[in-house]
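The first residue in the sequence is number 1, and the count goes up from there.
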Amino acid sequence: MKRLLKYLFVCCICILNMSAMAQSASGIKGKVMCQGKGISNVVVTNGFDCVLTDTKGMYSLPYHRDACFVYVTTPAGYLPQREASLPHYYKRIDSEVENYDFTLIKNPRNDDKHICLVQSDVQAAKASDIEGYMKYLKDVRQFVGERRNSDIFVLDCGDIVGNAPAIFPSYIQASNVLDLPFYRAVGNHDMEYGVRSYEHSYKTFEEYFGPIYYSFNRGKAHYIVLNNCFYINRHYRYIGYIDERTLQWIEADLSFVPKDHLVFVAMHIPSSSTKELQFNALLPDETSNASSLYDLLAGYDAHIFSGHTHYNWNVVFNDKLMEHNTAAVCGTFWKADICTDGTPSGYGIYEVNGNKVTWSYKSAGFPIDHQFRGYPVGSSEEYPQDIIANVWNWDELWKVEWYENGKCMGEMQRFEGYDPEAKIICSDKERVEYDWIMPIKTEHLFKATPQNKNAVIEIVVTDRFGHIYKQNIK
């Protein structure tokens with residue numbers, strides 16, 4: 001009798017295991033709905049495979065042993081449910097859950113026109129840094145209030161904290177004041193260090209913010225958020241790199257995006273700081289295999305958003321691809337409200353209309369027309385006889401001119417050098433506290449030599465969209 005009972009027990013265990021295995025092997029299924037009705041042609045993914053919902057909003061994904069989440073690429077016209085700044089477009093996979101249903105919200109605004117705010121490198125490491133972040137958010141909140149009828153969201157390009165995961169909740173709570181969805185990328189200072197592999201480095205981030213790569217749509221714009229911080233298992237060592245799993249997913253994701261749509265890619269480490277790729281396998285400040293990403297974006301009008309460097313810089317690769325490296329929210333690591341290249345702490349504003357986009361940089365605490373800073377003769381140690389202009393959002397289609405006593409003297413000469421104010425701040429070690437904080441050379445500086453040192457000098461800057469900004473130099 002005991003032998004029979006033991007045999008029956010073993011049979012039951014086997015049947016249960018086989019049932020669980022069959023359930024797992026059958027994959028993931030569910031429904032995407034809005035107001036109780038299924039939504040067709042919505043992309044759903046497990047991070048490896050991408051499928052479309054059917055006419056009833058149903059989907060089925062194959063089983064993948066390494067999949068941790070099932071998530072929706074929110075279609076144009078819809079929004080994910082959210083808890084304050086956290087959009088709930090994903091669900092963690094649980095072996096005991098059979099169906100993964102998603103309920104979307106109809107966007108009350110026409111998202112063909114929308115505004116994407118891009119920020120990077122909050123890099124909060126302690127409570128006082130969060131106080132600085134809240135002060136910065138007051139400027140963002142004022143901007144949002146002035147555009148209250150617009151469809152607005154925030155892209156955060158990472159380094160949310162400074163090697164301090166315990167600060168994540170405080171950062172989230174502070175961000176909630178905007179009552180906007182935040183879509184966040186992993187920064188190198190958001191990773192776990194001391195773990196045994198790259199795959200373990202982003203687990204804490206996932207606990208708070210979900211998948212490390214995902215996408216969503218607004219109107220005729222497709223947004224992709226990536227992790228390109230590749231931990232190489234040495235203390236604080238990483239490279240800029242996009243792994244094959246992510247590249248395959250991007251390829252699958254883009255297969256559903258029409259070529260006449262804009263594509264925006266947000267990640268932490270820049271793809272490249274120049275038009276010429278540096279083929280080096282161990283780059284911590286550029287993405288070593290960026291050309292693989294460029295190949296996938298070919299055929300689209302695409303823009304890359306990045307951070308990491310703590311300075312502002314634009315790279316126009318060609319007429320279809322551009323990168324916007326965004327200055328740090330934390331300025332000089334919360335010791336000054338300008339970055340080490342002289343760019344004020346701030347954020348990028350990208351206004352999308354259909355499949356067209358215009359942009360500007362908003363300096364926190366300044367009006368929107370604060371697009372450069374002029375310095376009088378004697379401000380620069382390198383060029384003491386020249387006036388200097390720091391035009392932080394410059395690219396090749398901008399024009400920087402100067403006037404002496406009302407007469408146009410032509411365009412100022414671009415050069416690589418130090419911003420005078422940043423150099424002074426970084427030299428004050430009592431203020432910046434850390435010895436490793438140094439000013440960095442930037443190529444968005446301009447100079448000119450006045451003929452009359454007592455003349456009235458005016459600098460006139462015209463951006464690529466024809467907006468004109470002026471400043472008198474005293």
**Message:** I need the single residue from Asn228, Ile224, Ile250 that forms a side-chain contact (heavy atoms from CB on, under 4.5 Å) with Leu293. Which is it?
**Reply:** Ile250
**Request:** Indicate yes or no for a side-chain donor-acceptor contact from Asn227 to the backbone of Cys229 under 3.5 Å, with no hydrogens or angles considered.
**Result:** yes
**Prompt:** Would you say Ser345's side chain and Val329's backbone share a donor-acceptor pair under 3.5 angstrom?
**Reply:** yes
**Request:** Check for a donor-acceptor pair, side chain of Asp159 on one end and backbone N or O of Asn188 on the other, with a separation under 3.5 Å.
**Result:** yes
**Item:** Proximity of Phe182 and Phe153 rings by center, below 6.0 Å
**Value:** no
**Request:** Please say whether more than 12 non-hydrogen atoms of neighbouring residues, nucleotides or ligands are located less than 6.0 Å from CD in Gln35.
**Result:** no
**Asked** Between His268 and His308, does the ring centre distance come in under 6.0 Å?
**Response** yes
**Message:** Ring-plane angle category for Tyr136 and Tyr347, please: parallel below 30°, perpendicular beyond 60°, tilted otherwise.
**Reply:** perpendicular
**Message:** Does Asn176 form a side-chain hydrogen bond (donor to acceptor under 3.5 Å, both in side chains) with Tyr171? I'd like the steps, not just the answer.
**Reply:** CA-CA 9 Å; Asn176 291 346; Tyr171 158 84; over 6 Å; no
**Message:** Can you confirm whether Glu411 is buried at CD, in the sense that more than 12 heavy atoms of other residues, nucleotides or ligands lie under 6.0 Å from that atom?
**Reply:** yes
**Prompt:** Phe366 vs His370 aromatic rings, parallel, tilted or perpendicular, using cut-offs 30° and 60°?
**Reply:** parallel
**Item:** CZ (Arg141) with more than 12 external heavy atoms under 6.0 Å
**Value:** no
**Asked** Counting only N and O atoms by type, is there a donor-acceptor contact under 3.5 Å from the side chain of Asp111 to the main-chain atoms of His114?
**Response** no
**Complete:** Between the CG atom in Leu226 and the OG atom in Ser306, the distance rounded to the nearest 0.5 Å is 11.5 Å
Run the side-chain donor-acceptor check on residues 76-84: report pairs under 3.5 Å with partners two or more places apart or on a different chain.
from, atom 1, to, atom 2, distance (Å)
Gln81, NE2, Thr103, O, 3.0
Arg82, NH1, Ala84, O, 2.5
Arg82, NH1, Asp179, OD1, 3.4
Arg82, NH2, Asp179, O, 3.0

**Prompt:** Centroid-to-centroid, Trp394 to Tyr361, below 6.0 Å?
**Reply:** no
**Asked** Less than 6.0 Å separating the ring centroids of Tyr71 and Tyr90?
**Response** no
**Prompt:** Is the count of non-hydrogen atoms from other residues, nucleotides or ligands lying under 6.0 Å from Gln173 atom CD greater than 12?
**Reply:** no
**Asked** For the side chain of Asp253 and the backbone of Ser215, is there at least one donor-acceptor N/O pair under 3.5 Å apart?
**Response** no
**Message:** Using the side-chain hydrogen bond (donor to acceptor under 3.5 Å, both in side chains) criterion, which residues pair with Thr442? Sequence neighbours excluded.
**Reply:** His444
**Message:** Under the criterion side-chain hydrogen bond (donor to acceptor under 3.5 Å, both in side chains), I'd like the reasoning laid out for Ser292 against Asp295: C-alpha separation, chi angles, the key distance, then a yes or no.
**Reply:** CA-CA 5 Å; Ser292 300; Asp295 290 343; 5.4 Å; no
**Request:** Would you check, one step at a time, whether the test side-chain hydrogen bond (donor to acceptor under 3.5 Å, both in side chains) holds for Trp249 with Thr45?
**Result:** CA-CA 9 Å; Trp249 175 83; Thr45 182; 3.2 Å; yes
In a table with atom names and distances, give each donor-acceptor pair under 3.5 Å that connects a side chain of residues 352-360 to protein atoms at least two apart or in another chain.
from, atom 1, to, atom 2, distance (Å)
Asn355, ND2, Asp260, O, 3.0

**Donor-acceptor contact below 3.5 Å, side chain Gln471 vs main chain Gly374** = yes
**Message:** Given 3.5 Å as the limit, does a donor-acceptor pair link the side chain of Arg373 with the main chain of Ala389, or not?
**Reply:** no
**Request:** Measure up the Phe305 and Phe264 rings against each other and bin them: parallel (under 30°), tilted (30 to 60°), perpendicular (over 60°).
**Result:** parallel
**Request:** Hey, can you tell me if Phe48 and His64 have their rings parallel, tilted or perpendicular (30° and 60° cut-offs)?
**Result:** parallel
**Item:** Under-4.0 Å salt bridge between Arg218 and Asp151
**Value:** yes
**Request:** Might you confirm whether atom NZ of Lys91 has over 12 heavy atoms from other residues, nucleotides or ligands at distances under 6.0 Å?
**Result:** yes
**Request:** Please lay out, stage by stage, how Val461 and Trp398 fare under the test side-chain contact (heavy atoms from CB on, under 4.5 Å).
**Result:** CA-CA 7 Å; Val461 175; Trp398 287 52; 3.5 Å; yes
**Prompt:** Taking NZ, NE, NH1 and NH2 as the nitrogens, is one of them in Asp301 or Lys320 under 4.0 Å from a carboxylate oxygen of the other?
**Reply:** yes
**Message:** Checking Phe216 against Tyr223 for the ring-ring contact (aromatic ring centres under 6.0 Å, His included) test, could you report, in this order, the C-alpha distance in whole Å, the side-chain angles of both residues, the deciding distance, and whether it holds?
**Reply:** CA-CA 5 Å; Phe216 61 94; Tyr223 292 84; 5.1 Å; yes
**Request:** Could you list the residues that satisfy side-chain contact (heavy atoms from CB on, under 4.5 Å) with Ala336, not counting sequence neighbours?
**Result:** Thr332, Ile425, Arg431
**Message:** Donor-acceptor pair, distance only, cut-off 3.5 Å: does the side chain of Trp313 make one with the backbone of Ser273?
**Reply:** yes
**Prompt:** Around atom CE of Met33, are there more than 12 heavy atoms of other residues, nucleotides or ligands at under 6.0 Å?
**Reply:** yes
**Asked** Side chains of Asn393 and Asn314: is there a donor and an acceptor less than 3.5 Å apart?
**Response** yes
**Request:** Determine whether more than 12 heavy atoms belonging to other residues, nucleotides or ligands lie under 6.0 Å from atom NZ of Lys37.
**Result:** no
**Asked** Sequence neighbours excluded, which residues qualify as side-chain contact (heavy atoms from CB on, under 4.5 Å) partners of Thr53?
**Response** Val32, Val42, Val44, Tyr59
**Message:** Ser271 vs Glu286, test: side-chain contact (heavy atoms from CB on, under 4.5 Å). Steps then yes/no.
**Reply:** CA-CA 5 Å; Ser271 70; Glu286 295 186 13; over 6 Å; no
**Asp129 side chain to Ala125 backbone, donor-acceptor under 3.5 Å** = yes
**Asked** Counting distance only, does the side-chain N/O of Asn289 pair as donor-acceptor with the main-chain N or O of Ile242 below 3.5 Å?
**Response** yes
Result block: side-chain N/O donor-acceptor pairs under 3.5 angstrom for residues 201-209, not counting sequence neighbours:
from, atom 1, to, atom 2, distance (Å)
Ser201, OG, Tyr198, O, 2.6
Tyr202, OH, Arg245, NH2, 3.2
Thr204, OG1, Glu192, OE2, 2.4

**Asp112/Lys220 salt bridge by N-O under 4.0 Å criterion** = no
**Pair Asp341-His310, side-chain hydrogen bond (donor to acceptor under 3.5 Å, both in side chains): steps then yes or no** = CA-CA 8 Å; Asp341 70 331; His310 290 232; over 6 Å; no
**Prompt:** Passes side-chain contact (heavy atoms from CB on, under 4.5 Å), Tyr183 versus Val154? Steps please.
**Reply:** CA-CA 6 Å; Tyr183 296 90; Val154 179; over 6 Å; no
